[in-house]
Number of protein chains: 2
Amino acid sequence: MTGVAEMGDVVDAIVGQWAKERPDVVEDFWPVELLARVQRLARVVDKSVKTTAAAHGIEHGEFDVLTILQRSGPPYMLPAGALLKASMVTSGAITNRIDRMEAKGLVERVREGADRRTVKIRLTEHGHEVIRVALADHLAAYAELLAGVDRRLVEQTAEGLRQVLESLGDTA
Amino acid sequence: MTGVAEMGDVVDAIVGQWAKERPDVVEDFWPVELLARVQRLARVVDKSVKTTAAAHGIEHGEFDVLTILQRSGPPYMLPAGALLKASMVTSGAITNRIDRMEAKGLVERVREGADRRTVKIRLTEHGHEVIRVALADHLAAYAELLAGVDRRLVEQTAEGLRQVLESLGDTA
DNA sequence: CTTGATAATCTCAACGTTGAAATAAAAGCA
DNA sequence: TGCTTTTATTTCAACGTTGAGATTATCAAG
């Protein structure tokens, strides 16, 4: 034990508190070691996305929609329902996002399919331009978040989370 | 390659889409492998906490405050500012939470210190009872989330996230 | 066709959070 | 003491999401 790698993060402190306060169920706290860290890191990541989005005049949720459309490839157009499934929010949120984004000229509603219930959402030229630039900033910010960690560890940890997500049915 | 462990989760599909659509910057997507999974898993965890909290008549944020107070140990009382730091939300949110929780009889505001600016928040008997029962459900739900994954992998993954959090200064 | 059920989107009030400004008390300093 | 700065909490309007219900269109029988 050289002590070099023995710092401890906030979750260590939290689990330590629980061990003192609830020694009776200390054996049941092992999931907290992973899931509490997931939650804390997610807040940091959320903040990063929010900052990047704000720098380009859009909201977090709007950035989300832009990336979904961009990565869907040509013709950069998806039914509202597809955005709903891809974004993990409720239908009301999607409608509101599209309303705001349409007002900003980022996307446009297209109603021309055979099924007149569906509304397709298409990226405009302006939307393309915004996400093109914002994505570069986004990836840079992401890289910055992990700059202090060994890349191999990042990969291993990502792999661990993938197995958790797969076991939860988060599959394509 | 037997194919047994080659399922792929949603993030695999997302990164695959990006690789096709933006092959020019495909090398910059490696942080997404970790951080996108952190975000997706965090949503699942959030939903679990929300469900557990709702089953006991409280909100997600109120559950958060109860756990902070409980694990702080006797006398189960902290200044509002301590809740603020521990909860990763803004000051307005803490005031609102305490207002609601006081109305429900879960906590009480105590103004009796030397510094009359500070307000201490103390767990009531009722609050104690609620978090005592809710915590058991919470831990059971957490264990359920990880039931399909090898425990050793959970530990390794948690360790990886700890190093990330430490590098980001998320220390006690 | 007509009816009933299913599907896709939108509406809207309620809710919790944000973020900046306000309030009030304590600490530092002349 | 008097004055300024700092600290702790509260206030409040704006914001985005939720979640249930309404709307409109399609599909499946009969």
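In what follows, every chain begins at residue 1, and chains take the letters A, B, ... in the order their sequences are listed.
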Using a cut-off of strictly less than 4.0 Å, decide whether [X] has a side-chain nitrogen or oxygen near OP1 or OP2 of [N].
| X | N | answer |
| --- | --- | --- |
| A:R97 | D:dG16 | no |
| B:K50 | D:dT17 | no |
| A:R100 | D:dT17 | yes |
| A:R111 | C:dT9 | no |

Expressed as a whole number of angstroms, how long is the span from [X]:[atom1] to [N]:[atom2]?
| X | N | atom1 | atom2 | value |
| --- | --- | --- | --- | --- |
| B:R109 | D:dT9 | CZ | P | 10 Å |
| A:E59 | C:dT17 | CD | P | 18 Å |
| B:H60 | D:dT17 | NE2 | C1' | 15 Å |
| A:R116 | C:dT9 | CZ | P | 15 Å |
| A:D64 | D:dT17 | CG | C1' | 13 Å |
| B:I121 | D:dA8 | CD1 | P | 14 Å |
| A:R43 | C:dG16 | CZ | C1' | 12 Å |
| B:I58 | C:dC15 | CD1 | P | 17 Å |

Within the 4.0 Å heavy-atom criterion, would you say [X] contacts the bases, only the backbone, or no part of the nucleic acid?
| X | result |
| --- | --- |
| B:N96 | base |
| A:A114 | sugar-phosphate |
| A:T95 | base |

- Task: Would you state whether a donor and an acceptor, one from the side chain of B:R117 and one from the base of D:dT7, lie under 3.5 Å apart?
- Result: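 Side chain to base: pair found, below 3.5 Å.
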
- Message: Taking atom types as they are modelled, would you say the side chain of B:S91 forms a donor-acceptor pair with the base of D:dT10 within the 3.5 Å cutoff?
- Response: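 Answer yes: a donor N or O sits under 3.5 Å from an acceptor.
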
Taking [X] for the side chain and [Y] for the main chain, is one N or O donor matched with an acceptor at less than 3.5 Å?
| X | Y | result |
| --- | --- | --- |
| A:R162 | A:A158 | no |
| B:D12 | B:D9 | yes |
| A:K104 | A:G57 | yes |

- Message: Assuming nearest nucleotide by heavy-atom distance, tell me which of A:E62 and B:G81 is located more 5' along DNA chain D.
- Response: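 Whichever sits nearer the 5' end wins; that is B:G81.
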
- Residue whose nearest DNA chain D nucleotide is more 5′ - B:A93 or A:I94: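 The 5'-side residue here is B:A93.
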
- Task: Let me know, please, whether B:M88 or A:D115 comes out on the 5' side of the other along DNA chain C by nearest nucleotide.
- Result: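 Whichever sits nearer the 5' end wins; that is A:D115.
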
- Message: Parallel, tilted or perpendicular: which one describes the rings of B:Y76 and B:H128, with boundaries at 30° and 60°?
- Response: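 Geometry flag for B:H128 against B:Y76: perpendicular rings.
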
- Are B:E59 and B:R100 close enough for a salt bridge, meaning some N to O gap below 4.0 Å?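 Looking at B:R100 together with B:E59, the answer is no, because their closest N to O distance does not fall below 4.0 Å.
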
- Candidate nucleotides C:dG16, D:dT10, C:dT18, ranked by approach to the side chain of B:T90 - the nearest: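 Of C:dG16, D:dT10, C:dT18, C:dT18 is nearest to the side chain of B:T90.
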
